[in-house]
Amino acid sequence: MKFDLETAKPREIYNLLIGLVAPRPVALITTMEEDGTLNAAPFSAYNYLCTDPPIVGIGVANRSSEEPIHKDTARNIGRSGEFVINVVTEDIAQQMNICATDFPAGVSELEMANLESAPSAVVKVPRIASAHAALECREHTTLEIGRSRIILGRVVSIYVEDRYVDPAGPYIHAEQLHAIGRMNGLGSYVRTRDSFLTIPRIPYSAWQKKQE
Ligand SMILES: Cc1cc2nc3c(=O)[nH]c(=O)nc-3n(C[C@H](O)[C@H](O)[C@H](O)COP(=O)(O)O)c2cc1C
């Protein structure tokens with residue numbers, strides 16, 4: 001099938017792209033409301049974009065495609081300039097999903113999901129205590145594109161539980177972290193437990209030798 005994106009509806013484009021750009025990491029983002037309440041919501045339009053400087057990007061759609069109502073996460077980042085990306089692993093996947101529920105104003109997602117917070121090292125916004133890793137970020141640039149915002153954040157501090165770090169690299173013991181990936185908008189995710197595929201890079205010299 002071919003889809004002409006000039007005529008396709010926003011929902012159709014969303015369905016196609018989130019099923020094809022997959023699996024995606026899930027960031028459970030904590031931000032601070034104006035009154036100091038902690039907000040948490042998951043985002044899978046998310047990745048690191050470069051490491052020097054360390055920049056991550058998040059795509060945040062408006063709450064409704066008709067009216068430009070910003071999601072709390074985008075509004076809080078715009079005001080405070082800070083956020084924390086909590087890495088979503090299998091053990092907190094159900095709680096992450098509760099945080100995506102559209103609770104009325106004044107209801108704390110963290111409380112509903114039974115999640116505790118812990119102080120961050122550099123930013124004021126706390127991280128989620130049960131997340132095994134977190135990236136503390138400061139807003140670098142926000143691009144307003146149509147009905148969405150692309151937020152670029154500079155990572156200013158990284159927290160990882162000791163057991164997931166090989167200090168020699170340092171490397172992350174990714175095969176033990178059990179991060180999950182989002183596959184589509186139908187509630188499908190992938191586990192990374194026991195499913196690693198190792199494909200080492202091929203130096204050109206080794207490639208040439210193989211051809212001889
Ligand atoms: C796994 C998952 C990933 C999501 N990714 C995004 C995303 O990348 N962008 C977005 O705008 N909404 C995304 N959502 C929806 C938001 O989490 C949801 O709208 C949430 O209520 C926003 O909360 P907030 O208003 O507190 O920011 C996702 C939901 C789930 C369950």
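Atoms within each ligand, like the ligands themselves, are counted from 1 in listed order.
Residues passing the salt bridge (charged side-chain N to carboxylate O under 4.0 Å, His left out) test with Asp52, sequence neighbours excluded: none. By the side-chain hydrogen bond (donor to acceptor under 3.5 Å, both in side chains) test, Thr37 pairs with Asp35, sequence neighbours left out.
Here's the thing with Ser44: one of its N/O atoms is less than 3.5 angstrom from an N/O atom of ligand 1.
The contact set between ligand 1 and Gly59, taken as ligand atoms under 4.0 Å from a residue heavy atom, comprises 7 (C), 8 (O), 9 (N), 10 (C), 11 (O). With ligand atoms numbered from 1 in the order given, ligand 1 contributes 21 (O), 22 (C), 23 (O), 24 (P), 25 (O) to contacts under 4.0 Å with heavy atoms of Arg63. In the vicinity of Ala41, heavy-atom distances shorter than 4.0 Å reach the ligand 1 atoms 22 (C), 23 (O), 24 (P), 26 (O), 27 (O). Interface of Glu109 with ligand 1, defined as ligand atoms under 4.0 Å from a residue heavy atom, comprises 26 (O). Those atoms of ligand 1 with a heavy atom of Val60 less than 4.0 angstrom away are 11 (O).
At a 4.0 Å heavy-atom cut-off, ligand 1 touches Arg182 through the side chain alone. Here Tyr189 has side-chain heavy atoms under 4.0 Å from ligand 1, and that is the only part of it that gets that close. When non-hydrogen atoms are compared, ligand 1 lies under 4.0 Å from the side chain of Asn39 (C-beta onward) but not from its backbone.
Closest to atom 30 (C) of ligand 1 by heavy atom, among Ala40, Gly181, Pro42, Pro25, is Pro42. The heavy atom nearest to atom 6 (C) of ligand 1, considering only Tyr46, Phe103, Phe43, is found in Phe43. Of all the listed residues (Lys71, Met96, Met183), Lys71 holds the heavy atom that lies closest to atom 15 (C) of ligand 1.
For Ser188 (side chain) and Asn184 (main-chain N/O), no donor-acceptor pair under 3.5 Å exists by modelled atom type. Although no hydrogens or angles enter the test, the distance criterion places a donor-acceptor pair under 3.5 Å between the side chain of Asp166 and the main chain of Ala168.
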